[in-house]
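The structure appears below as structure tokens.
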Amino acid sequence: MDTKATSSIVEKSLDPQDWDEMRALGHQMVDDMMDYLQTISQQPSWKPMPLEVKEFFEERLPESGQPIAEIYRDFQHYILPYNKGNVHPRFWAWVQGTGTPLGALADFLASSLNPNVTIGEHAPMYVDRQVVNWCKQLMGFPENATGILVSGASMANITALIAARNHFDKRNIRKHGLQSIEGKLLMYCSSETHSCVQKAAEAIGLGSDGVRKVSVDADYRMNVDELEAQIKSDLAAGNLPFCVVANAGTVNTGSIDPMARIAAICKEYSLWFHVDGAFGALAKLLPEYETELAPLAEADSLAFDLHKWMYINYEVACCLIRDASAHREAFAIVPNYLMSHDRGLASGLEPVNNYGMELSRGFKALKVWMSIKEHGINTYRDLIRQNISQCQYLAELIQDSTHLELKAPVLMNIVCFRFTVSDLDTGKLNNLNKEILMHLHEQGIASPSNAVLNGEYVIRVANTNHRSTRADFEALVQACEEIGSKILKSSQIKPA
Ligand SMILES: *Cc1c(COP(=O)(O)O)cnc(C)c1O
């Protein structure tokens, strides 16, 4: 027998000394969070943080630990009341999804199993793959297409654009870099395209002047004639067009670029056809959008979020790529420490990092998997349709109101409007509407955000909220009327 006195060595772990205490706290957290979500409509949509709360977050790096009950009390006191609010039924800022209770519980399960879902033979890898397969089915992509779950549409867009760039003309850009290419690679998108697409272009070496911004029509859709003319003149000048990015739902107004015509141009000039469908791609579930969005299924690549219009808890998005080998060739690299084996833990499905930039990946697939099973796609279809019809209802309320006017066509789930009076110039109206928005937030009434359309500041509602009801939009319109009139009366903003 080994007689070494190992018993005198104290070895630590991060597990609790008192498992019962941890378990009880966990139960408490579940109860508190279910209460929070169940009664969220009774809370203000947003609350300013007092100085005392901000100062709490100045605390220096802790040297020693503190009891978990205390940490949770701090969470309840300093964090919970000052949540962002996209769980609230009157949150319509930017484009942000709401999440669900089961999604939150799924995240707890995923985090407890804590697998690194990149490599190896284990069930989480199969869940991840199944969710990607469901995404293909959702978007009408072929079975032999490939895809990857990433943190958001920004990452999904750059993932696709890396594949598009590397695939260009089948020259070995991956090996030789862009400097090996004579001529300038060019990418095309409308002026309404999300900034993440330009960031991606900058990061993959195109430079922002490698992005040709095509103008839009009155409905904020890309002018396709201008696109084609630009491609022609760029070709004539010896440049190298390689990709067009079309929008299925622009961030400002939710407009859909003329997909079929863009797809045809891509075919004619042998360009990669990428679609940023961050939220709008999900409208494909509705027969009403079937025709307009049918060309999505023809795209070489498609980026879309699951945390926006699928209401899945943050973060998760999907990048789909039609040509599996183009996808794999853009990213696959197999160092000896990631070698696959015939049997055992290191066997199984192909490592996911062969299809994207990230090596370590969490089990974000689980919340998607559980949520889709919980509701079925038909429920998502109903909710997306409900969000759109709520926006049409909001547009009617605005049109029937005294001072509010619509500032963009309501094409999908986004409504842009402003408070207006005839004797104020644009600058003053801009200030007035900015004031109204800040008051809406500060009073905890509702959280829309803004857009600037043709130099005019507008209040913008983007509805990817499964908790909103028509009454919430009625309250918004009423509050805008009241706040706007009050500001005018207080003569904070005076006619010229
Ligand atoms: C939100 C959005 C993005 C970026 O998506 P993230 O998930 O925030 O990274 C890109 N494009 C459009 C049209 C968007 O609405």
Side-chain angles (χ1 to χ4, degrees), residues 84 86 91-99 103 135 139 147-162 187-203 211 213-214 216 219-222 243-257 259 262 274-284 289 292-293 296 299 301-320 356-358 361-362 364 367-368 384 387-388 391 408 411-416 447-453 460-465:
K84 183 173 193 176
N86 49 307
F91 187 100
W92 308 295
W94 304 292
V95 186
Q96 309 212 333
T98 327
C135 286
M139 291 298 155
I148 183 169
L149 299 180
V150 290
S151 58
S154 304
M155 280 307 298
N157 277 311
I158 194 171
T159 303
L161 294 174
I162 291 170
M187 196 177 95
Y188 300 76
C189 61
S190 86
S191 56
E192 287 293 298
T193 304
H194 195 277
S195 60
C196 74
V197 170
Q198 172 165 332
K199 255 166 110 168
E202 291 165 3
V211 184
K213 299 254 173 86
V214 180
V216 292
D219 283 348
Y220 300 93
R221 295 149 46 98
M222 185 195 279
C243 174
V244 181
V245 178
N247 289 299
T250 58
V251 63
N252 273 337
T253 65
S255 90
I256 300 170
D257 284 330
M259 293 284 160
I262 295 173
H274 173 67
V275 177
D276 177 8
F279 61 94
L282 273 307
K284 197 175 189 310
Y289 285 85
E292 209 175 347
L293 289 175
L296 274 194
S301 54
L302 169 63
F304 65 101
D305 273 312
L306 296 157
H307 57 213
K308 284 179 177 168
W309 227 358
M310 283 284 284
Y311 320 96
I312 307 282
N313 304 55
Y314 279 92
E315 316 148 338
V316 60
C318 182
C319 170
L320 295 178
M357 289 302 296
E358 294 169 322
R361 301 172 69 248
K364 54 168 91 59
K367 60 195 168 193
V368 186
I384 290 166
N387 286 154
I388 293 172
C391 282
L411 304 161
M412 212 192 273
N413 61 332
I414 295 184
V415 182
C416 293
S447 295
S449 59
N450 83 288
V452 177
L453 302 175
R460 171 178 161 287
V461 163
N463 187 12
T464 50
N465 193 324

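All ligand and atom numbering here is 1-based and tracks the order in the structure. All residue numbers refer to positions in the sequence shown, counting from 1.
- Side-chain atoms of N247 and T193 include a donor-acceptor pair closer than 3.5 Å.
- Here's the thing with D276: one of its N/O atoms is less than 3.5 angstrom from an N/O atom of ligand 1.
- Checked by atom type, the side-chain pair N387/W309 shows a donor-acceptor distance below 3.5 Å.
- Among all non-hydrogen protein atoms, the one lying nearest atom 4 (C) of ligand 1 is S154 OG, 3.5 Å.
- Taking 4.0 Å as the cut-off between side-chain N and carboxylate O, K367 and E315 do not count as a salt-bridged pair.
- Distances between N or O atoms of G249 and those of ligand 1 include no value under 3.5 Å.
- By the criterion of a heavy-atom distance under 4.0 Å, neither the backbone nor the side chain of M155 is placed next to ligand 1.
- Considering every non-hydrogen atom in both G277 and L302, the closest pair reads N-CD1, 4.2 Å.
- Ligand 1 has a nitrogen or oxygen under 3.5 angstrom from a nitrogen or oxygen of D305.
- A side-chain donor-acceptor contact under 3.5 Å links H274 and N157.
- Taking every non-hydrogen atom of C196 and a distance limit under 4.0 Å, the qualifying atoms of ligand 1 come out as 10 (C).
- Close approach of ligand 1 to F279 is summarised as follows: ligand atoms under 4.0 Å from at least one heavy atom of the residue are 15 (O).
- For D305 and Y314, the side-chain atoms include no donor-acceptor pair closer than 3.5 Å.
- Contacts with ligand 1 closer than 4.0 Å are made by no heavy atom of W94, backbone or side chain.
- Here H307 has side-chain heavy atoms under 4.0 Å from ligand 1, and that is the only part of it that gets that close.
- Residue-level proximity to ligand 1 for A278 is carried by the side chain, the only part with a heavy atom below 4.0 angstrom.
- Side-chain atoms of T464 come within 3.5 Å of backbone N or O of Q96 as a donor-acceptor pair.
- Side-chain N or O atoms of D257 include none that pairs as donor or acceptor with a backbone N or O of R221 at under 3.5 Å.
- A distance-only check finds a donor-acceptor pair linking the side chain of N465 to the backbone of F91 [under 3.5 Å].
- Closest protein heavy atom to atom 15 (O) of ligand 1: K308 NZ, 3.0 Å.
- Heavy-atom contacts of G152 reach the following atoms of ligand 1: 7 (O), 9 (O) (cutoff under 4.0 Å).
- Among all protein heavy atoms, the one lying closest to atom 5 (O) of ligand 1 is A153 CB, 3.1 Å.
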